[in-house]
Undergrad: 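Handing you this structure, nothing more for now.
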2 protein chains.
Amino acid sequence: MAGGSTYHHGSLHQVLIDVSLDLIAEHGLEGFSLATAAKAAGVSVAAPYRHFTNKAALLGAIARTGYAQLGEALREAADRHPDDPVEALLELGSAYVGFVIDQPALASVMFSVRGRAPESDAGLAALGVLGDVLARLEAAGRLAVPLDTALRATWSLVHGLAVLHTGGMRTISEEDAPLLRKQVLRPLLDGMLRR
Amino acid sequence: MAGGSTYHHGSLHQVLIDVSLDLIAEHGLEGFSLATAAKAAGVSVAAPYRHFTNKAALLGAIARTGYAQLGEALREAADRHPDDPVEALLELGSAYVGFVIDQPALASVMFSVRGRAPESDAGLAALGVLGDVLARLEAAGRLAVPLDTALRATWSLVHGLAVLHTGGMRTISEEDAPLLRKQVLRPLLDGMLRR
DNA sequence: ACCTGAACACCGTTCAAGT
DNA sequence: ACCTGAACACCGTTCAAGT
């Protein structure tokens, strides 16, 4: 009772997120339980309910941080080619696939289940980076299809690559990043562009 | 005891598969339990274990039937254009997306979790149809990238379209099948082809 | 957005026992 | 690839009670 008790450590919210990602990395999303997360955080099974309304809310919070990180990664990638939107688009695709491959646990939460995330602000912001690059292409008269179609097509392609990889399908792997660009992203996305 | 007792009805295996798909369609894969499937089939919770080693095995069996159906659908699609592999490829892509959109419960099982299915014979057979069409394109000197790269790229694109749609993202929907072909599949897959 | 302990309903799985 | 009933461990969630 005297002095700085750690009884309320005040950061359980974040601790639960961190600990959950570790557990999901180790046992997969299926094998993840709120009970083990609570135990790993050193609190009772009921404690998480002070910070998240339920298990789905915890996973939703994790997904939102994931989309924030993804958005940052995509923005950095796009900014690497401020005056060449075609290169920026390829960089974006590589970054998307790379993010998912580098953070499979986080990605599994982001991409799991019903409307988990792209509907969140962070999810929309991440997509917005792609939309901006495509808008630049459209402004330059280089889009051969409507902008929103281009967005969905691009997103689908990189999402499919990432998801099949995560699911154990050896699509194009980390070491093959240049191959991914040259043999997949460049030819397919080129098809969407006017020369 | 006399005559045709239905006590052992002998088809519990199939009944469980059917009933499970109904339940998954209604409550999603998350909300699906072996216990409710057993109840819906009119047997005790332990009965399914005579037919499937565990819940994962039941879902695996469902996934395999799904891949068999998908393979059939893809074969039919490809056969619609026996002498035009480019058209066959587009038809294949449409069929893949259409299958997932038409059977979301089945697709959610097929595409869930760890190595559920493409490793199965049925899964490989389904992919084989795509491989055959691409091999015809290669033989005609029309592939601009290696065959296995083309396979993974094509699969990724249609899988991404399907998966984002299932996840609630309005990609290109049922009514937009011609749009899907003209504005997504044709331009992007064209990029993979030599003219 | 405080944490614990106890409780409840539900689920996956096993096992002895019954046809 | 027989089915049931009972049991166990585990999990999500709630709630009264404690700091």
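The sequence lines fix the lettering, A, B, ..., with proteins before strands; numbering per chain opens at 1.
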Undergrad: Once you round it to whole Å, what is the distance between P of D:dA1 and CG of B:Leu58?
TA: 15 Å
Undergrad: Distance check needed: C:dA9 P versus B:Lys39 NZ, whole Å only.
TA: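 Spelled out: NZ on B:Lys39 to P on C:dA9 is 13 Å.
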Undergrad: Could you walk me through whether B:Ile24 and B:Leu59 pass the side-chain contact (heavy atoms from CB on, under 4.5 Å) check?
TA: CA-CA 11 Å; B:Ile24 292 166; B:Leu59 292 175; 4.2 Å; yes
Undergrad: Main chain of A:Gln14, side chain of A:Ser11: is a donor-acceptor contact present, judged purely on distance under 3.5 Å?
TA: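 No, the answer is negative, given that no donor and acceptor are paired below the 3.5 Å cut-off.
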Undergrad: B:Leu12 has an atom CG; how far is it from atom C1' of D:dT4, in whole Å?
TA: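 Rounding to the nearest Å, CG of B:Leu12 and C1' of D:dT4 are 13 Å apart.
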Undergrad: Just need the stems in DNA chain D: three or more back-to-back Watson-Crick or G-U pairs, each with both distances under 3.5 angstrom, sorted by first number.
TA: C:4-8 with D:12-16, C:12-16 with D:4-8
Undergrad: Taking atom C1' in both D:dC11 and C:dA6, what distance in whole Å separates the two?
TA: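 It comes out at 15 Å once rounded to the nearest Å.
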Undergrad: On a whole-Å scale, what distance lies between the P atoms belonging to D:dA16 and C:dA1?
TA: 23 Å
Undergrad: Looking at A:Glu87 and A:Arg186, is any side-chain nitrogen of the basic one under 4.0 Å from a carboxylate oxygen of the acidic one?
TA: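 Between A:Glu87 and A:Arg186 there is a salt bridge, with a charged N closer than 4.0 Å to a carboxylate O.
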Undergrad: Identify the heavy atoms of A:Ala78 and A:Val129 that sit nearest to each other, and give their distance.
TA: CB-CG1, 4.1 Å
Undergrad: When you measure from every atom of DNA chain C, which of residues 44-51 of chain A have a heavy atom less than 4.0 Å away?
TA: A:Ser44, A:Ala46, A:Ala47, A:Arg50, A:His51
Undergrad: Would you please test B:Leu185 and B:Leu157 for side-chain contact (heavy atoms from CB on, under 4.5 Å) and show each step?
TA: CA-CA 8 Å; B:Leu185 298 180; B:Leu157 175 60; 4.1 Å; yes
Undergrad: Rounded to whole Å, please give me the gap between CG in A:Leu59 and P in D:dT13.
TA: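 Those two atoms, CG and P, are 10 Å apart.
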Undergrad: Got a donor-acceptor contact below 3.5 angstrom from the B:Ser108 side chain to the B:Ala105 backbone?
TA: yes
Undergrad: To the nearest Å, give me how far apart NZ (B:Lys55) and C1' (C:dC10) are.
TA: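 Distance, rounded to whole Å: 12 Å.
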Undergrad: Is the shortest distance from a Lys or Arg side-chain nitrogen in A:Arg152 or A:Asp148 to a carboxylate oxygen in the other one below 4.0 Å?
TA: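 Yes, A:Arg152 and A:Asp148 are salt-bridged.
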Undergrad: Just how far, in rounded Å, is P of D:dC11 from CG of B:Leu34?
TA: 18 Å
Undergrad: If you assign A:Gly42 and A:Phe52 each to the DNA chain C nucleotide with the nearest heavy atom, which residue ends up on the more 5' nucleotide?
TA: A:Phe52
Undergrad: Could you check A:Thr53 against A:Gly31 and say which one's nearest nucleotide on DNA chain D is further toward the 5' end?
TA: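 So the residue in question is A:Gly31.
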Undergrad: Given side chains that start at C-beta, do those of A:Val100 and A:His165 come closer than 4.5 Å, heavy atoms only?
TA: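 A side-chain contact under 4.5 Å is absent here.
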Undergrad: With the 4.5 Å side-chain cut-off for hydrophobic clustering, are A:Val15 and A:Val45 part of the same group?
TA: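 A:Val15 does not cluster with A:Val45.
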Undergrad: Nearest whole angstrom, please: distance from the P of D:dA1 to the NE2 of B:His13.
TA: 9 Å
Undergrad: Tell me: CG of B:Leu16 to P of D:dC3, nearest whole Å?
TA: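 Rounded to whole Å, this separation is 9 Å.
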